[in-house]
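A short worksheet on the structure shown next.
The chain is numbered in sequence order, starting from 1.
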Amino acid sequence: MTTSSSSSSFSEAPPEHPVFRNTTAFRHDTERAPIDPERVAGDWALMYEWLERDEEMASVCGFTAADLTYAARSTRIRELRAEVGPGRTFTVQPNEMQFWVRYSWINSDRCSGRQHALQHAVIQYRPEARSAVDLLKAVVDHAKTAMSAPVPPQTVITVLGGPTAPGELGPMFVTEQMLRAAGYRTPDGGWVGDGGYLDVTDWVHRNGGSALIQRTTGYRPASFDVLPMIAMGEEGELVMASVPNAAQYLIDIPWPRHPETDVTAGDDAAYGEPFACWPAIPLQTNFDIDIAGQRYCTIFNGWYVDEELATNFLDTRRYDWTGRISEAIHGPVDRQMLSRTDRFDEYKMSQIEIATLRAVRAGFKQNRMKLNNLSSSQNGFAKFCTRHETVHGEMPPNDTGWTSNRIGSRFRFPSHPMPHKPQEQGAALVKHWLSVKSLRPDVPVHLADLESSRSGRHAITMAERSTSPHPHESVWGDEGAPANGGCPVDHTALRKG
């Protein structure tokens with residue numbers, strides 16, 4: 001009796017995932033309620049209500065008057081009810097995908113650029129992108145589209161692959177963004193480079209990807225080396241690849257100048273070295289769009305808010321360059337004197353913050369790259385809220401933490417404070433919890449070369465790079481390069497496993 005119970009219990013245990021360990025993050029990303037026909041029908045009824053109220057949304061998404069008749073709505077909802085069932089997903093039509101992507105964007109409570117959901121945005125769906133290599137190439141193509149605008153970057157959202165049912169992990173990216181700088185630990189317990197990506201850098205080295213880290217020369221050694229991208233395909237293969245040189249859109253940031261000096265940003269020769277560089281485009285890769293319980297891998301980009309970039313250089317967990325910038329604008333200063341406990345010290349700290357912020361703005365302006373600021377973000381968001389309330393009779397979901405000023409003084413405050421209102425229905429953009437920390441230690445990692453699919457354009461100043469692999473490493477590991485630059489993974493073996 002006991003044996004039978006144990007055997008039954010064992011047989012009901014879910015199989016181990018070939019890539020991720022059974023962590024809290026894994027359970028968060030997979031354990032969802034089964035797809036419910038009533039929820040699907042309710043969400044589609046919500047969609048039709050929105051389209052009836054908002055003619056601009058209907059037009060942008062490609063709905064016609066015939067699509068919105070009572071008969072057409074009823075027929076479509078009956079089709080969905082018949083399609084939904086245990087373990088099954090359902091079909092989302094192209095115009096419906098356009099709507100749910102824009103709806104989820106409008107209702108993303110911390111996004112400051114939601115007013116662009118009905119204009120100035122490219123929404124594309126690529127259901128054929130399912131393997132890990134296809135996902136990585138899709139990111140490069142996405143970046144090319146984003147940077148092809150007259151004043152780049154253009155806002156682009158790309159949905160990849162097919163729908164993923166609850167309990168499963170579909171194709172996904174393990175890295176957070178297309179372009180991220182490596183962080184290297186030092187013997188004294190510190191680091192060089194971006195301190196926010198020490199774990200990712202360690203993982204890349206442990207799994208034979210050292211040669212895929214793009215060495216960026218011209219700046220402080222190892223400060224802006226570009227990490228490879230990592231993706232998992234729908235067959236469970238894990239692939240790592242460098243970002244092609246032509247897709248590394250980096251902005252040169254000039255040295256910060258004292259806020260009270262008349263010297264403008266420009267000639268940095270006196271400093272002996274360039275100050276910094278930063279990606280021109282924040283291309284986010286660790287999101288899914290959840291449509292009535294089924295999910296799709298989603299990548300998107302907008303453009304930066306200047307204060308978030310300046311903060312990265314001063315953040316004690318990222319670059320921690322407060323002392324370096326202070327020395328440039330004040331001369332040598334004891335780091336301990338830069339506390340915020342004294343009014344004079346706070347004034348100095350504010351000068352460092354303002355100088356860094358202005359340097360970021362100068363770098364993007366010199367390269368004609370779009371960069372937002374907090375004031376315009378707040379004003380645009382206020383107009384968006386007014387329109388939303390006029391059309392839909394209520395305020396959109398919001399979390400105004402992004403409106404808090406980070407630079408200049410702790411005494412500044414947001415100009416549009418509103419209570420938090422979470423999203424409660426319809427499609428939503430969902431951030432992955434899974435990361436390299438959740439990967440199985442024995443998972444096979446395949447290394448790919450995307451240079452054969454080179455794309456993009458050099459609209460900005462590029463730093464010189466040394467991309468040659470280390471002498472003891474092969475870009476393709478022990479497997480050799482696949483023919484015609486295809487996927488280096490044996491999917492047949494994965495399916496048999």
Parallel, tilted or perpendicular, as decided by the 30° and 60° cut-offs, for the rings of His17 and Phe20: tilted
Can you tell me how far apart NZ (Lys365) and CG (Asp306) are? Round to the nearest 0.5 Å. 13.0 Å
Mark yes when over 12 heavy atoms from residues, nucleotides or ligands other than Glu55 sit less than 6.0 Å from its CD; otherwise mark no. no
Looking at Gln214 and Ser242, would you say the former's side chain and the latter's main chain have a donor-acceptor pair under 3.5 Å? no
Are Val204 and Pro228 packed together at the side-chain level, in the sense that at least one heavy-atom pair is separated by less than 4.5 angstrom? yes
Just do the side-chain contact (heavy atoms from CB on, under 4.5 Å) check on Met47 and Tyr103 with the steps written out, would you? CA-CA 9 Å; Met47 179 188 76; Tyr103 176 93; over 6 Å; no
Considering all heavy atoms of both residues, which atom of Ser223 and which atom of Ala181 are nearest to each other, and what is their separation? O-CB, 4.0 Å
For Thr175 against Met229, the heavy-atom pair lying closest together: OG1-CA, 3.8 Å
Thr75 side chain vs Ala71 backbone, donor-acceptor pair below 3.5 Å: yes
Can you name the nearest heavy-atom pair linking Ala292 to Ile35, along with the distance? O-CG2, 3.9 Å
Taking the basic N atoms (NZ, or NE/NH1/NH2) and the acidic carboxylate oxygens, is any pair closer than 4.0 Å for Arg130 and Glu235? no
Indicate yes or no: at least one non-hydrogen side-chain atom of Ile251 is less than 4.5 angstrom from one of Met369. yes
List the steps, then state whether side-chain contact (heavy atoms from CB on, under 4.5 Å) holds for Val101 with Tyr296. CA-CA 11 Å; Val101 169; Tyr296 299 79; over 6 Å; no
Under the side-chain hydrogen bond (donor to acceptor under 3.5 Å, both in side chains) test, which residues partner Glu128, sequence neighbours left out? Arg126
With heavy-atom distances below 4.5 Å as the criterion, would you say the side chains of Pro94 and Gln98 are in contact? no
Please determine whether a side-chain nitrogen of the Lys or Arg among Arg76 and Asp43 lies less than 4.0 Å from a carboxylate oxygen of the Asp or Glu. no
Side chain to side chain contact (heavy atoms under 4.5 Å, CB included) test vs Cys297 passes for just one of Thr285, Asn286, Leu160, Thr158, namely Leu160
Given the rule in the salt bridge (charged side-chain N to carboxylate O under 4.0 Å, His left out) test, do Arg387 and Asp54 qualify, once you have shown the distances and angles that lead to the verdict? CA-CA 10 Å; Arg387 180 191 186 278; Asp54 195 336; 2.9 Å; yes
Sequence neighbours excluded, the answer for side-chain hydrogen bond (donor to acceptor under 3.5 Å, both in side chains) partners of Asn207 is none
Any side-chain to backbone donor/acceptor pair from Asp29 onto Trp433? Under 3.5 Å, distance only. yes
Over all heavy atoms of both residues, which pair between Leu179 and Ala247 is shortest? Give the atoms and the distance, please. CD1-O, 4.2 Å
Any side-chain to backbone donor/acceptor pair from Arg32 onto Gly167? Under 3.5 Å, distance only. no
Could you list the residues that satisfy side-chain hydrogen bond (donor to acceptor under 3.5 Å, both in side chains) with Thr390, not counting sequence neighbours? none
Between the side chains of Glu16 and Arg21, is the shortest nitrogen-to-carboxylate-oxygen separation below 4.0 Å, so that they form an ion pair? no
Report yes if some heavy atom in the side chain of His446 is under 4.5 Å from a heavy atom in the side chain of Leu238; otherwise report no. no
Quick one: does Glu308's side chain have a donor or acceptor within less than 3.5 Å of a partner on Val305's backbone? yes
For a 4.5 angstrom cut-off between non-hydrogen side-chain atoms, does Gln294 reach Thr164? no
How far does OG1 of Thr298 sit from NE2 of His432, to the nearest 0.5 angstrom? 8.0 Å
For Gly62 and Asp67 the tightest heavy-atom approach is O-OD2, 4.2 Å
Using the test side-chain hydrogen bond (donor to acceptor under 3.5 Å, both in side chains), find all partners of Tyr319 that sit at least two apart in sequence or belong to another chain. none
Ring centres under 6.0 Å, that's the criterion: do Phe313 and Trp278 meet it? yes
Whether Glu83 side chain and Thr91 backbone form a donor-acceptor pair below 3.5 Å: yes
Taking only residues two or more places apart in sequence or in another chain, which ones pass ring pair (Phe, Tyr, Trp, His ring centres under 6.0 Å) with Phe300? Phe287
Filter on ring pair (Phe, Tyr, Trp, His ring centres under 6.0 Å), then keep only pairs touching residues 77-96, sequence neighbours left out; what's left? Trp44-Phe90
Evaluation steps, salt bridge (charged side-chain N to carboxylate O under 4.0 Å, His left out), between Arg295 and Glu168: CA-CA 10 Å; Arg295 294 186 176 182; Glu168 301 176 9; over 6 Å; no
Salt bridge present between Asp194 and Arg180 (N-O < 4.0 angstrom): no
Do other residues, nucleotides or ligands put more than 12 heavy atoms under 6.0 Å from Arg440 CZ? yes
Of the options Asn301, Leu227, Val226, Val139, which is the one that meets Met178 in a side chain to side chain contact (heavy atoms under 4.5 Å, CB included)? Val139
Backbone of Gln284 reached by a side-chain donor or acceptor of Glu176 within 3.5 Å: no
Glu52/Arg73 salt bridge by N-O under 4.0 Å criterion: yes
Less than 4.5 Å apart, any side-chain heavy atom of Tyr304 and any of Ile281? no
Side-chain ion pair, Arg102 and Glu56, N-O less than 4.0 Å: no
Which heavy atom of Asp36 sits nearest to which heavy atom of Val84, and what is that distance? C-CG1, 4.3 Å
Set out, in order, the CA-CA distance, both residues' side-chain angles and the distance that settles side-chain contact (heavy atoms from CB on, under 4.5 Å) for Val159 and Gln124, then state yes or no. CA-CA 6 Å; Val159 181; Gln124 49 192 12; over 6 Å; no
Whether over 12 other heavy atoms sit under 6.0 Å from Arg53 CZ: yes
Are the side chains of Val19 and Leu439 in touch, meaning some heavy atoms are under 4.5 Å apart? yes
Would you say the side-chain atoms of Asn367 pair up with the backbone N or O of Phe364, donor to acceptor, closer than 3.5 Å? no
Find the distance between CD1 (Ile157) and CE (Met97) and round it off to the nearest 0.5 Å. 11.5 Å
When rounded to the nearest 0.5 angstrom, what is the spacing between OH in Tyr249 and SG in Cys277? 15.5 Å
Determine, step by step, whether Leu447 and Val445 satisfy the side-chain contact (heavy atoms from CB on, under 4.5 Å) criterion, reporting the C-alpha distance in whole Å, the side-chain angles of both residues, the deciding distance to 0.1 Å, and the verdict. CA-CA 7 Å; Leu447 309 185; Val445 182; 4.2 Å; yes
Do Phe275 and Pro256 come within less than 4.5 Å of each other through their side chains, counting heavy atoms only? yes
Between the side chain of Glu96 and the main-chain N/O of Gln93, is any donor-acceptor distance below 3.5 Å? yes
I'd like to know if the side chain of Thr69 and the backbone of Ala65 have a donor-acceptor N/O pair within less than 3.5 Å. no
